[in-house]
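Taking it in order: structure first as C-alpha cells, then the write-up.
Naming convention: chains lettered A, B, ... in sequence-line order (proteins, then strands); numbering from 1 in each chain.
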Amino acid sequence: MALRLHNTMSSQVEEFRPLRDNEVRMYACGPTVYDYGHIGNFRTFIAVDLLQRFLRQSGYKVRYVMNITDVDDRIIHNAARDEVSVQQYTAKYEKVFLEDTAMIGIERPHLVRATEHIPQMAEFVARLVEKKIAYRADDGSYYFRIASFPAYGKLSKKDFSGMIDGARVDVDEYDKDSARDFALWKAPKPGEASWDTPIGPGRPGWHLECSVMSMEELGESFDLHAGGEDLVFPHHENEIAQSESLTGKTFARFWFHVRFLLVEGEKMSKRLGNFYTLRDLVLKGHKPSSIRYLLTSVPYRNQLNFTFDGLKQAAVSVERLCNFRERLSAGNFPAGSTPEMQSLAGESVERMKAALDDDLNTAQAQAAIFEMVRRANSAIDSGQLKAGDAAPLLAALDRFDEVFAVLNDDDAAKMKAVFQWALAEGREKEISTELRDQVQADQTSNVAIEGKIAEMEAARKARNFAVSDALRTELVSAGVIIENTKDGVRWRRK
RNA sequence: GGCGCGGUACCCAAGUGGUAAGGGAGAGGUCUGCAAAACCUUUAUGCGUCGGUUCGAUUCCGACCCGCGCCUCCA
C-alpha cells in the first residue's frame, strides 16, 4: 500500500506520489528566530519530521529543506530593543532552535537562511515587475498585484473576485493598488537592516523568501510544502501566487498543514498563562521523550490537547516500551523460535506501516506496537518466547522508533544541558525540584550504584531484608529504579 | 458575517453502516521475602442533543447546543 496524505489544495486524502521516482522533495516553513520556540511550534516541526522519517523508511530518498527567517519586523524590533545587531540577535535564537530541535528528536533538515539569498530575491521581484505582476510603490517597496493571478485563493478556498479595491486600505498602505496586494519587498525605514540591490534598498517580505529558497533548492515544482495550519492564508497562498505567476507551473503538489494544539483545553497564549516553550517544560522536570511522544500521539490533523496529565501518561508509555526492549535484549530465553512470535513481529510492522500510510495515523501505529508489546510480554511470562524471537520483535520496535524517535534514552544528558543553560541565563529560579532531582540522580556514578546494588544483593542473600530494603530505598530516592529479575538485578535511572 | 474542524469511558485518544483500538489512571488477581517490572480480569448496551434515512447509525442527512481554527502577526 502506498502513502495517502491529506492535501490542503484538494481538501482530500490523496495517494502521495513524488514527481520523480523514489525522490521526495519537500519544504517546510521554519522558524522566525526571534525567541524561544514553544510547544505549538514543535508540534508542527515534529509532525513534518515524522513524515520525513516515514518517507525514508518507506524507501524514498528525501530532500527536506527548511528555511530560517532571520530578518523580519519582530527581529528588527527586538534586536533594537536589546541593542545588538540583527545578526547577533538571530544567531542566538538560531542556535537555540537547533538545540531545541535536536533535544526533541528532530533530524536536521537542510537549512536555508533568508539573509543568504537576498540577491536571488531581488532578482525574483525584478522578474515579476518585468511581467507586470509586481509593482513598485512610491516609497520603494514592491507589491504583488493579486488581480494578475486569478487563481488567488485556491489553497485557502477564499473568493476574492468580489473584493472591492481600497476597501480596507490603512494609513501605511496608501500607495498599494489594492488593499489585498501584499509586500514582496519592503523599503527600509530609518535605522532598519537593509540590503542594496538592483531593485533598490530594502529587505525581503516573508512570503518571498520561501518561494525563492524553495524553488532554488528543490526546483520550480516540487512534491510537498508543509507548515502550521495558520500559514494556509496568507503565507502559502501568497507563495503560490508569486511562484506560479512567475513560472507558470504548479509550485508544490501537496500542501501539508498541521493543526494547532490546545493547552489544558484552551488556546495557548501568554495572556492565559498556558504558553510554554520546550525549555519551560524541561525546567519543570519533563523529559524530552515524553514531550515528543505526547506530541506525536495525536494524528497531525486533529486538535491535540496538551496537558500535564497527558505528559505524565506519555512518560509512562515510553517507559513501558523501554522496559520491553530491555527485557527482550537482556533476557535469557530457551533456544529456538516460534512461528507465533515471528508472525507477531511481521504483523506489527505491517500494521504500523498501514497506519502511517493512512495519512500518518500515529495513534493507530502506537496501538499496533503496544499490542505487540503486550502479546510478547505475555509470551515471555508463560515461557513461550524463544531466543530466536527476540531479534524480529526488537527489529519491529526499532522500526517504530525510526519514525517516533522516543526510545533513545538520552533524556538525562538533554535535561542536564537545559539545567546548565538555566544557570548560565540566570534563570535558576525556574528550575523545578523535579529537574534538580533528575540532574542529581544522573550525577551518582554507575560504579557507586553498582556497589550499592552488590551490597543490597549480599544482604538479600543473607535474608537480611531490613538492610537490603534500606539500601534499595536509598537508591530509589537517588533516582535509581531497581528490579530483581530471575536473571539478576536490573537497574536504570528514573 | 464567510470558510473549515471537532464533541467517543475517570483522563488522553483511534475507529467503523452491522454492534466500540491503544495508552494512562482505578479495582481485583498472578509472580516476588517485600517491592519493581510483567501478565490476567475488570471499567462506554454507549460514541453532544433531538429528529430523519436504513433491516440496522456512534458512523449517512438535517436542526440545535457546546468547543476550536482561519479570515490580521501567529506553528
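Counted within 6.0 Å of NE2 on A/His77, heavy atoms from surrounding residues, nucleotides or ligands total 12 or fewer; the atom is thus considered open.
Under the 3.5 Å distance criterion, with hydrogens and angles disregarded, a donor-acceptor pair is assigned to the side chains of A/Glu209 and A/Thr69. Under the 3.5 Å distance criterion, with hydrogens and angles disregarded, a donor-acceptor pair is assigned to the side chains of A/Gln52 and A/Asp49. Side chain to side chain, A/Asp309 and A/Thr307 fail the donor-acceptor criterion of an N or O pair below 3.5 Å. Checked by atom type, the side-chain pair A/Tyr300/A/Asp359 shows a donor-acceptor distance below 3.5 Å. Side-chain contact of A/Gln342 with A/Asp389: a donor-acceptor pair under 3.5 Å is present, judged by distance alone. Between the side chains of A/Thr277 and A/Asp280, at least one donor-acceptor pair of N or O atoms lies under 3.5 Å.
Judged by atom type and distance alone, A/Arg472 reaches the base of B/C34 through a side-chain donor-acceptor pair under 3.5 Å. Contact of A/Glu266 with B/C68 (side chain to base): no donor-acceptor pair of N or O atoms is detected under 3.5 Å. For A/Asp309 against B/G24, a side-chain-to-base donor-acceptor contact under 3.5 Å is absent. No donor-acceptor contact under 3.5 Å links the side chain of A/Arg259 to the base of B/G69. Taking only distance into account, the side chain of A/Arg43 never meets the base of B/A75 through a donor-acceptor pair shorter than 3.5 Å.
Atom P of nucleotide B/C71 and atom OH of A/Tyr152 are separated by 12 Å, given to the nearest angstrom. The OH atom of A/Tyr293 sits 9 Å away from the P atom of B/G23 (whole-angstrom rounding). For the pair A/Lys158 NZ and B/G1 C1', the interatomic distance rounds to 13 Å; values are reported in whole Å. Between A/Gln303 atom CD and B/G4 atom P the separation is 17 Å, expressed in whole Å. Rounded to a whole Å, the CG atom of A/Leu262 is 17 Å from the P atom of B/A75. Remark: P of B/A36 and CG of A/Asp469 are 12 Å apart, rounded to the nearest angstrom. Atoms CG (A/Asp358) and C1' (B/G22) sit 16 Å apart, rounded to a whole Å. At whole-Å resolution of the value, CG in A/Leu155 and C1' in B/C71 are 13 Å apart.
Taking atom P on both nucleotides, B/U8 is separated from B/C60 by 16 Å, rounded to a whole Å. Annotation: B/C5 and B/U43 have their C1' atoms spaced 31 Å apart (nearest Å). When the P atom is compared between B/A63 and B/C3, the two are found 13 Å apart, to the nearest whole Å. B/A9 and B/G24: their C1' atoms are spaced 13 Å apart (whole Å). Atom name C1', nucleotides B/A75 and B/G15: the rounded distance is 28 Å, in whole Å. Comparing the C1' positions of B/A25 and B/C12 gives a spacing of 11 Å, expressed to the nearest Å. To the nearest whole angstrom, the two C1' atoms, one in B/G6 and one in B/U49, are 16 Å apart.
Nearest nucleotide to the A/Arg74 side chain, out of B/G69, B/C3, B/A75: B/A75. The side chain of A/Ala363 has B/A13 as its nearest neighbour among B/C34, B/C39, B/A13. The A/Lys267 side chain lies nearest to B/G69 when the options are B/A75, B/G22, B/G69. With B/C74, B/G24, B/A13 as the choices, the nucleotide that has an atom nearest any side-chain atom of A/Pro299 turns out to be B/A13. Listed candidates were B/A14, B/G33, B/A25. Nearest to the side chain of A/Ser468 is B/G33. Counting only heavy atoms from C-beta on, A/Asn361 has its side chain closest to B/A14 among B/A14, B/C34, B/C70. Of all nucleotides listed (B/A36, B/C34, B/G69), B/A36 comes nearest to the side chain of A/Glu483. For A/Ser317, the side-chain atoms get nearest to B/G23 when compared with the rest of B/C73, B/G15, B/G23. Counting only heavy atoms from C-beta on, A/Asn302 has its side chain closest to B/A14 among B/A75, B/A37, B/A14. Side-chain proximity of A/Arg490 to the nucleotides B/A75, B/G22, B/A37 is greatest for B/A37.
Nucleotide B/C47 forms no Watson-Crick or G-U wobble pair with any nucleotide shown, as no partner meets the under 3.5 Å limit on both distances. With a 3.5 Å ceiling on both atom-pair distances, B/C73 lacks any Watson-Crick or G-U wobble partner. The partner of B/A37 is absent, by the rule that a Watson-Crick or G-U pair needs both atom distances under 3.5 Å. Here B/U32 sits opposite no nucleotide as a Watson-Crick or G-U wobble pair (both hydrogen-bonding atom distances under 3.5 Å). Of the nucleotides present, none pairs with B/A20 by Watson-Crick or G-U wobble criteria with both distances under 3.5 Å. Look at B/U53: it lacks any Watson-Crick or wobble partner with both distances under 3.5 angstrom. Checking B/G26 for Watson-Crick or G-U wobble geometry (two distances, each under 3.5 Å) identifies B/U42 as its partner. Nucleotide B/C5 forms a Watson-Crick or G-U wobble pair with B/G67, both donor-acceptor distances falling under 3.5 Å.
OP1 or OP2 of B/A75 sits under 4.0 Å from a side-chain N or O of A/Asn41. In this model, the phosphate group of B/G22 is not approached by any side-chain N or O of A/Arg375 to a distance below 4.0 Å at OP1 or OP2. Side-chain N/O atoms of A/Arg460 include none lying less than 4.0 angstrom from OP1 or OP2 on B/A35.
We find that the ring of A/Phe42 and the base of B/A75 do not stack by the test of centres under 5.5 angstrom and planes tilted less than 30°. Ring-to-base geometry places A/Phe465 in a stacked arrangement with B/G33 (centre distance under 5.5 Å, plane angle under 30°).
Among the heavy atoms of the strands lying under 4.0 Å from A/Phe260 is at least one base atom, whether or not backbone atoms are also near. Across all strands shown, A/Asn323 has heavy atoms under 4.0 Å from sugar-phosphate atoms exclusively, and none from any base. If you check every strand for non-hydrogen atoms under 4.0 Å, A/Ile482 touches a base. Base contact: A/Leu261 has a heavy atom under 4.0 Å from a base atom. No contact: A/Val232 has no heavy atom under 4.0 Å from any strand. Nucleic acid contact class of A/Val258 (heavy atoms, under 4.0 Å, all strands): none. Residue contacts shown for A/Asn305 are limited to sugar-phosphate atoms, with no base heavy atom under 4.0 Å away.
Here the rule is side-chain contact (heavy atoms from CB on, under 4.5 Å) with A/Trp491, and of A/Leu475, A/Asn446, A/Asn484 only A/Asn446 fits it. Partner of A/Phe144 under the ring pair (Phe, Tyr, Trp, His ring centres under 6.0 Å) criterion, chosen from A/Tyr152, A/Phe182, A/Trp185: A/Phe182.
The nearest heavy atom of RNA chain B to A/Ile481 and to A/His207 marks one nucleotide each, and the one closer to the 5' end goes with A/Ile481. If you find the closest nucleotide of RNA chain B to A/Thr307 and to A/Asp381, the one lying nearer the 5' end belongs to A/Thr307.
Using bins of under 30°, 30° to 60° and over 60° for the plane-to-plane angle, the ring pair A/His225/A/Tyr27 lands in the tilted bin.
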